[in-house]
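Hydrogens, waters and symmetry mates play no part in the numbers below; they use all other heavy atoms, side chains included.
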Amino acid sequence: MSSTDWRERKREETFEGTLAGLENRRRVDPSYTIADARQDLEHQYVLEGNDWLGRGELGDIVSSATIAAYEHFIFEWQSELDRAAGREERSR
């Protein structure tokens with residue numbers, strides 16, 4: 001096992017856990033919108049920038065993986081909305 005394996009495991013664990021949480025929230029909370037997800041992502045960007053104390057390598061990994069999960073989630077949701085809009089447009 002290499003000395004960087006823990007980093008990749010933590011990155012994957014954080015990404016997958018965040019993504020699962022976002023998907024669950026979307027499924028169980030009908031009031032949660034893509035605009036809410038975008039606002040949450042903006043908050044994550046602010047948190048990432050607020051590192052004046054230094055969060056360390058682990059904190060950086062968690063922060064970047066969380067942001068990546070939000071970006072992926074929003075991209076997939078927007079793609080789904082675009083496909084639905086295209087189908088609706090074609091059915092007219």
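Residues meeting the side chain to side chain donor-acceptor pair (under 3.5 Å) test with N50, sequence neighbours left out: none. Remark: E71 pairs with Y45 by the side chain to side chain donor-acceptor pair (under 3.5 Å) rule, at least two apart or across chains. The side chain to side chain donor-acceptor pair (under 3.5 Å) search around E8 returns R11, not counting sequence neighbours.
Side chain to side chain, D36 and T33 meet the donor-acceptor criterion of an N or O pair below 3.5 Å.
Atom CH2 of W6 and atom CG of L58 lie 5.5 Å apart (nearest 0.5 Å). Here CG of L47 is found 11.5 Å from CD of E42. Values are rounded to the nearest 0.5 Å. Distance check: L19 CG to E76 CD gives 8.5 Å after rounding to the nearest 0.5 Å.
No more than 12 heavy-atom neighbours from other residues, nucleotides or ligands sit within 6.0 angstrom of CD on E12.
Of all the heavy atoms in I74 and I34, the pair that sits closest is O-CD1, 3.9 Å.
Contacts classified as side chain to side chain donor-acceptor pair (under 3.5 Å) and involving residues 57-69 (residues at least two apart or in different chains) are given here: R7-E57, R55-D60. Among residues at least two apart or in separate chains, salt bridge (charged side-chain N to carboxylate O under 4.0 Å, His left out) pairs with a member in residues 21-30 are R25-D29, R25-D40, R26-E80. The ring-ring contact (aromatic ring centres under 6.0 Å, His included) contacts involving residues 69-90 comprise F15-H72, F73-W77, where partners must be two or more places apart or lie in separate chains.
Under the 4.5 Å side-chain contact rule for hydrophobic residues, L81 and L41 share a cluster.
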